[in-house]
Amino acid sequence: IQMQSLQISPWHSRFAAEGIQLFNPPEFSERLFADVPRVYVDYEFGSLFCARAQITRADLHIREVVIVKNTNGHSNVEQLRGLSMRETEGRSVPRPFQIDTLNLQIGRVITKDYSEGGYKESTRILDMTVTFRDVTEKTDINRRIYYAVLRRVWFGGTSVPTNSSVSAD
């Protein structure tokens, strides 16, 4: 992870970061996973020390996400998903949290597939903003985002194919 600025105000229970770049694990040739211009979070300070973190509002602006499947067929999303887990009684479980309001802004999603001896790339321009309420560690947020993206695609997203089906013979 790399970020240009970070502002933490524990007395006001606020966190803000700008210019964030999240990088892929080293086994992926594509370096960048996500370009995140801004994150803003309001939280209940005391909850950070309790079993369940309470976030009253989170604003997440994602300019670009790059989803990569490597030559072994493994996805960077699968690898990065485990980072939010914690060990409890010998097994990995998500840390309990509650987000009252999550405002998500997504610019575009790029997929790159190096599996099956070839290379495919596509770009989906979403330019969408969506709000989710009452998100917890048990919420299938991936499914909610997926359905929000599908609604956007069905009602006005654009797809820009790039280098589709280039074979590496």
Side-chain angles (χ1 to χ4, degrees), residues 1-25 30 32-69 75-89 91-112 122-160:
I1 188 168
Q2 180 178 333
M3 65 182 78
Q4 292 175 350
S5 71
L6 175 65
Q7 301 160 359
I8 300 173
S9 178
W11 309 120
H12 298 295
S13 300
R14 291 192 182 117
F15 167 90
E18 293 184 357
I20 302 166
Q21 290 188 319
L22 298 172
F23 299 106
N24 282 313
E30 298 295 326
L32 184 68
F33 169 67
D35 179 11
V36 181
R38 184 171 189 275
V39 173
Y40 176 86
V41 177
D42 281 334
Y43 56 91
E44 292 184 19
F45 183 75
S47 74
L48 298 179
F49 305 104
C50 298
R52 176 179 296 271
Q54 179 72 35
I55 298 171
T56 53
R57 174 182 161 194
D59 298 341
L60 177 59
H61 176 193
I62 302 171
R63 180 179 294 130
E64 177 178 284
V65 173
V66 182
I67 299 172
V68 180
K69 188 181 283 189
S75 165
N76 59 344
V77 175
E78 294 167 351
Q79 297 272 341
L80 294 168
R81 184 175 293 147
L83 294 178
S84 65
M85 305 298 261
R86 65 183 173 123
E87 289 294 318
T88 301
E89 298 175 8
R91 59 189 177 109
S92 293
V93 295
R95 184 183 191 287
F97 66 89
Q98 167 75 36
I99 304 174
D100 296 336
T101 303
L102 170 61
N103 299 306
L104 178 63
Q105 184 178 356
I106 303 176
R108 66 181 175 171
V109 177
I110 299 170
T111 57
K112 297 182 179 190
S122 67
T123 299
R124 175 68 65 178
I125 299 171
L126 300 173
D127 289 332
M128 64 180 275
T129 301
V130 63
T131 296
F132 300 101
R133 304 223 188 275
D134 299 320
V135 176
T136 71
E137 77 283 356
K138 295 177 183 170
T139 302
D140 188 351
I141 192 66
N142 293 334
R143 182 178 52 82
R144 286 188 178 184
I145 293 170
Y146 178 73
Y147 287 136
V149 167
L150 282 180
R151 277 190 301 252
R152 172 69 177 160
V153 169
W154 286 332
F155 299 113
T158 58
S159 180
V160 180

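This one's a predicted model, so the numbers in the text were calculated from it and none came from an experiment. Atom set for the values below is all heavy atoms of this structure, side chains included, hydrogens, waters and symmetry mates excluded.
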Exercise: do Gln54 and Asp100 side chains pair donor with acceptor under 3.5 Å: yes
Residue pair Asn103 / Thr131, side-chain donor-acceptor N/O under 3.5 Å: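 Yes, because at least one side-chain N or O of Asn103 sits under 3.5 Å from a partner of the opposite role on Thr131.
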Check: [Y] main-chain N/O paired with [X] side-chain donor or acceptor under 3.5 Å:
| X | Y | answer |
| --- | --- | --- |
| Asp35 | Glu64 | no |
| Ser13 | Tyr43 | yes |
| Asn76 | Asn24 | no |

Rounded distance [0.5 Å steps], [atom1] in [X] versus [atom2] in [Y]:
| X | Y | atom1 | atom2 | value |
| --- | --- | --- | --- | --- |
| Gln98 | Glu137 | CD | CD | 8.5 Å |
| Arg57 | Asp42 | CZ | CG | 6.0 Å |
| Thr123 | Ile110 | OG1 | CD1 | 4.5 Å |
| Leu60 | Tyr40 | CG | OH | 14.5 Å |
| Leu32 | Phe23 | CG | CZ | 6.5 Å |
| Leu126 | Ile145 | CG | CD1 | 11.0 Å |

More than 12 heavy atoms of other groups within 6.0 Å of Lys69 NZ: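 Open.
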Plane angle bin for Phe45 and Phe49 - parallel if under 30°, tilted between 30 and 60°, otherwise perpendicular: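 Answer is perpendicular, since the angle exceeds 60°.
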